[in-house]
Amino acid sequence: MDQLTESMITIFLNDQPFQAVAGASESLLDFLRHRALATEVKCGCGRGDCGTCAVLFDGRMVKSCLVLAAQANGKRVYTIRGLGRDALMANLQDSFIQHGAIQCGFCTPGMLMAAYNLLRIKPTPTRSEIRQGIAGNLCRCTGYQKIIDAIAAVAGKTAFVSEAADSLDSPNPTATDQEKAKAGYLLLGGG
Amino acid sequence: MKDRVIGQSVPKYDAGPKASGLLQYADDFTLPGMLYGKVFRAKVQAAILLGVRTERAEQLPGVHAVITAKDVPNNNLRARFGQSTDVGGQFEGLYRVLAEKEVRYYGEPIALVAAESPDLAEQACQLIEVDLQPLPGVFDSVGAMEPGSRQVGEKPNNIASHFKIRQGDVDQGFAQADVIVEGTYRVPYQDHAYLEPESGLAWSDDDGTINIRVSSQVIEHFREVAEILNLPHSKVRYLGTWIGGGFGRKEDITVESYLALLAWKTRKPVKLTYTRAESLLYHCKRHPFQMEYKTGATKDGKLVALQARLISDCGAYSALSPWVLLYATVNAAGPYQIPNVKVDSYAVMTNTAITSAFRGFGAPQANFAYESQIQKLAHILGLDPLEFRERNYLQTGEAFATGWIYERPIPLTELAQKAWSGLGPLGSAEGGRKLGRGVAIGMGSYGRLTFLHDTSRSYIKLELDGSAIIRCGVPDVGGGQGHILCQIVAQELGVPLERIKLHITDSQLTPLAGTTTATRQLMMSGNATLKAANELKKRLLIKAGQLLNVPIENLIITLNRIEVESSRKEGVSLVEVINRLSGEGEELFVEAQFNAPFTDIPASEVLQGQTHPDFTFGAYAAEVEVDEQTGQVQINKIVAAFDVGKALNPAIVEGQIEGGCIQGVGYALFEDMAIHNGVIQTPSFAEYLIPTAVDVPDITVILLESGSGVGPYGAKGIGEPPMVGIAPALVNAIEDAVGVRIADLPVTPEKIRMAIAQKPEGKR
Ligand code: FES
Ligand code: FES
């Protein structure tokens with residue numbers, strides 16, 4: 001790879017700083033999978049069509065294949081593994097498991113992220129709003145039904161929805177533990 | 001066991017690891033010093049390959065190997081599909097690893113590269129030069145059958161295989177008919193579009209054994225890969241991963257022959273993962289078929305004759321085309337009692353993308369044609385379509401068109417009625433759109449062809465603390481193929497699910513269980529595991545009977561215990577029984593083999609008698625809304641009703657039906673693979689549209705449990721059958737709404753608009 005086009009990137013991945021060199025055109029997805037070995041983020045298409053690569057980036061859900069690694073420099077990125085201790089994500093994961101919403105599971109990390117994002121914004125969506133909320137995520141195995149059942153079962157039930165949302169939106173990734181605790185970060189996996 | 005595990009929707013073994021993101025798929029594995037593989041492909045549909053120049057690519061720093069046909073120890077193989085039975089003849093075609101002397105289709109692999117980064121591998125591919133002398137392409141499968149058409153493949157004409165059904169006398173049958181309908185139906189290519197692109201990682205051991213970690217439905221391909229490398233079968237090992245969707249496409253070899261060659265040549269680990277574009281453009285698809293049908297009935301609604309000519313486009317190499325064609329032929333008349341049937345089917349080679357296995361395997365194609373014919377006949381006869389079907393369903397003890405007398409229940413009347421009434425009260429259409437309803441039935445086989453003499457093996461070991469280990473070489477595509485073995489062991493041996501460890505898909509260390517194809521694993525590996533569990537159970541009960549001084553007939557296994565059935569307090573823990581036996585030198589492990597029903601290899605192209613272990617029957621009903629102006633179809637409701645024999649895990653069974661149904665919805669309405677002169681024009685999910693969550697409705701699933709299946713506990717297979725029946729149900733509903741009947745899939749809004757515009761005035 002051309003040295004001139006590489007730069008050092010630091011991201012705050014699931015609350016841990018991670019630093020590596022990235023190419024100028026390298027996507028955040030490739031950076032996460034190949035450099036940070038965050039293989040829970042999947043590549044189903046690499047061009048924005050499938051949603052398997054969804055992560056929370058700077059407080060928003062994005063398809064990480066459409067974001068450049070360089071754009072993520074200094075930013076906070078959460079994958080489903082980083083949200084495992086968040087009550088809403090944990091509930092969603094459990095609900096997916098209980099409802100048989102996981103077949104091959106390749107869409108699951110992205111689906112969980114889409115579901116999480118939806119319920120943060122809209123804690124009690126209707127069934128058709130759930131369909132809208134996951135419309136950017138393809139699943140070839142389930143026909144979507146059990147995924148929607150799983151999300152509907154969690155909707156409105158999780159008290160932590162708003163707190164989780166606040167913490168994820170916090171602008172300051174280098175805050176001290178005390179500051180994070182105040183902002184509610186620690187819900188997200190121990191800063 | 002008292003607290004039954006079988007029949008419960010317990011979470012799958014692999015669901016937790018998948019939900020947490022910890023489960024590793026093929027592309028998630030890395031090894032130190034790993035190289036990246038890339039396939040260099042032909043950019044022409046048909047040509048004489050005069051030469052390949054790789055020097056410039058080889059000289060690029062960071063490139064470790066460039067391989068062309070001349071470097072492949074055995075470049076031309078007979079294509080085999082995991083079967084050990086030699087079936088010879090028209091079932092086998094050429095499997096060529098890399099193009100040699102000729103190019104037969106756009107995208108055919110010509111060279112392989114291994115380099116230190118994906119970018120370098122790509123650059124190296126750009127430095128490869130080929131000398132080609134283009135040939136006129138053959139792109140029309142019907143035309144390719146004509147004498148004088150240019151020969152595409154290794155066979156003297158372009159007909160890769162041909163099957164027949166001859167039952168009764170169709171001329172006489174049509175003479176008795178009061179009504180005869182004819183129709184030509186076309187069904188398209190379909191891409192499997194699983195979310196995990198083809199991927200694997202291979203490396204060579206200290207002793208030269210080639211290990212391939214790959215997302216594959218058939219770990220038995222280690223034998224073919226060994227033959228490619230001229231290695232003993234024992235020196236190639238597959239380590240199958242949990243598969244991110246297969247649907248049949250990971251049944252053929254995907255990346256593993258390339259990986260093996262690159263790892264063998266470089267002696268370094270090599271990874272190869274296709275991009276989505278490579279996956280969509282270059283790998284095999286569902287067979288498009290042209291199907292000419294003629295069906296006759298008497299005016300009192302009895303079918304008397306069916307004649308069909310099926311032509312499938314099998315592309316430039318035959319791959320699994322003969323098998324798919326055989327299935328389509330066996331399915332051509334459907335589950336109907338028709339005294340006179342004549343079917344001729346052909347798989348025809350063209351200079352087009354290879355077509356091969358896809359969920360349903362020929363059955364959905366034939367089903368669309370025979371059910372369309374049934375619907376048309378019902379209309380002409382003025383009979384209710386359900387009632388017309390009911391007069392003609394095959395009954396237990398009657399013979400399929402192949403002459404196989406079927407002795408199990410065929411509850412199609414009940415299934416279709418349940419599906420139909422499950423639609424509930426008629427909805428109301430919005431904004432002037434037209435409402436319509438349709439129903440269709442279908443059948444799908446489970447288990448491989450009985451003349452392949454299919455087997456599966458499974459191993460169970462009980463540990464001293466009462467936990468269990470299962471080893472079974474079963475590839476898991478997400479349908480619970482691995483998990484259900486745990487449920488069987490938990491049920492029979494009283495081991496809690498969370499204390500079972502499952503090992504799958506190591507071609508050297510797990511007993512070979514055969515392919516995860518043909519909806520066979522529940523029947524095959526489920527039965528093998530049940531057999532092993534029963535053997536262990538017998539030994540446990542004998543020992544417990546001695547310890548408790550009770551005849552074994554009076555004992556039952558409950559969770560972690562063996563108890564006296566009539567006095568449940570009396571009992572002994574599983575751990576104690578296991579330890580007693582172990583102390584006496586008896587270790588508790590069993591490997592069992594299950595054999596499917598066997599029949600003889602067909603003597604000719606005329607298919608006769610039993611071909612499959614069994615069939616699964618089902619019905620779909622659908623309600624749609626159609627906008628006459630735009631041709632847009634909105635599906636309001638779908639009801640699916642299937643006889644699954646026994647639902648060992650209802651949530652998994654429903655999931656198969658829901659997912660298969662929606663894949664069928666895509667096939668029927670959305671998935672329009674543009675292909676021009678043999679070149680696929682839809683390289684991404686932005687062009688090749690599969691259903692999203694907003695395109696499809698909720699599905700009501702009705703499960704019937706006849707207990708009549710060949711699988712464990714009377715279960716039937718349900719992986720593929722849900723692909724069958726949904727397309728004609730939707731087409732029937734659309735016809736009911738707007739009075740036009742579309743004969744070629746997918747039913748796009750344009751086709752509906754055109755058909756409405758051409759509809760004679762006043763007719764609906
Ligand atoms: S990999 Fe990013 S959307 Fe498909
Ligand atoms: S579970 Fe396989 S793609 Fe969704």
Side-chain angles (χ1 to χ4, degrees), chain A residues 1-2 23 30 33-34 37-52 79-82 84 92-110 112 114 127-128 130-149, chain B residues 9 11-12 14-25 27-30 117 119-120 192-197 242-247 273 275-277 476-480 649 651-652 654-663 665 684-686 690-696 698-699 701:
Chain A
M1 199 173 289
D2 188 344
D30 284 346
R33 282 186 61 79
H34 301 151
L37 301 183
T39 53
E40 68 274 25
V41 187
K42 301 297 178 203
C43 178
C45 73
R47 45 157 289 163
D49 299 326
C50 77
T52 56
T79 71
I80 57 161
R81 283 180 69 180
L92 280 165
Q93 286 169 321
D94 189 51
S95 190
F96 271 54
I97 293 168
Q98 298 300 331
H99 282 86
I102 302 171
Q103 288 193 26
C104 82
F106 204 79
C107 70
T108 305
L112 282 166
R127 235 177 135 78
S128 78
I130 294 175
R131 287 188 179 276
Q132 291 291 344
I134 60 167
N137 292 65
L138 298 175
C139 174
R140 190 57 155 172
C141 300
T142 63
Y144 303 102
Q145 183 142 323
K146 297 215 182 298
I147 293 173
I148 296 161
D149 292 345
Chain B
S9 294
K12 277 197 307 177
D14 43 314
K18 286 174 176 173
S20 68
L22 288 168
L23 186 133
Q24 287 189 289
Y25 295 83
D27 187 56
D28 299 341
F29 291 91
T30 50
S117 75
D119 285 351
L120 270 176
H192 307 67
Y194 35 60
L195 273 284
E196 180 205 36
W242 295 82
I243 301 166
F247 311 117
T273 300
T275 62
R276 178 55 58 185
D476 189 301
V477 290
N649 182 317
I652 293 179
E654 287 161 15
Q656 287 304 302
I657 296 173
E658 291 158 6
C661 170
I662 296 309
Q663 215 165 39
V665 167
S684 81
F685 286 146
I690 65 171
T692 72
V694 293
D695 298 322
V696 296
D698 278 330
I699 302 153
V701 175

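Only a predicted model underlies this, so the values are computations on that prediction, with no experimental measurement involved. So that the names make sense, note that chain A is the first sequence line, chain B the second, and so on, each numbered from 1.
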TODO: Please look at A/T142 and chain B and tell me whether the side chain, the backbone, both or neither of the residue comes under 4.5 angstrom of a heavy atom of that chain.
DONE: backbone
Task: Pick from A/L138, A/I130, A/D94 with the largest number of heavy-atom pairs that fall under 4.5 Å of chain B - done: A/L138
- [ ] Of all the heavy-atom pairs spanning B/A19 and A/Q93, show the shortest one and how long it is.
- [x] O-NE2, 3.0 Å
Task: Region of A/K146 that comes under 4.5 Å of a non-hydrogen atom in chain B - done: both
TODO: Taking only Lys NZ, Arg NE, NH1 and NH2, and the carboxylate oxygens of Asp or Glu, determine whether A/R131 and B/D695 approach each other closer than 4.0 Å.
DONE: no
Task: Under 4.5 Å from a heavy atom of chain B, the part of A/F106 involved - done: both
Open item on the list: Using a strict threshold of under 4.0 Å (side-chain N to carboxylate O), is an ion pair present between B/D698 and A/R127?
Closed with: yes
- [ ] Please determine, among A/I97, A/L92, A/T108, the option with the most heavy-atom pairs under 4.5 Å with chain B.
- [x] A/I97
Open item on the list: Going by side-chain contact (heavy atoms from CB on, under 4.5 Å), name the residues that satisfy it together with A/A135, two or more places apart in sequence or in a different chain.
Closed with: B/V694
Task: A/L112 versus chain B, the contacting section by heavy-atom distance below 4.5 Å - done: side chain
TODO: Could you go through the salt bridge (Lys or Arg N to Asp or Glu O under 4.0 Å) check for B/D27 and A/K42 one step at a time?
DONE: CA-CA 9 Å; B/D27 187 56; A/K42 301 297 178 203; over 6 Å; no
Open item on the list: For the interface with chain B, which of A/G44, A/C139, A/G100 has the highest count of heavy-atom pairs at distances below 4.5 Å?
Closed with: A/G44
TODO: Of all the heavy-atom pairs spanning A/D49 and B/A686, show the shortest one and how long it is.
DONE: OD2-N, 3.5 Å
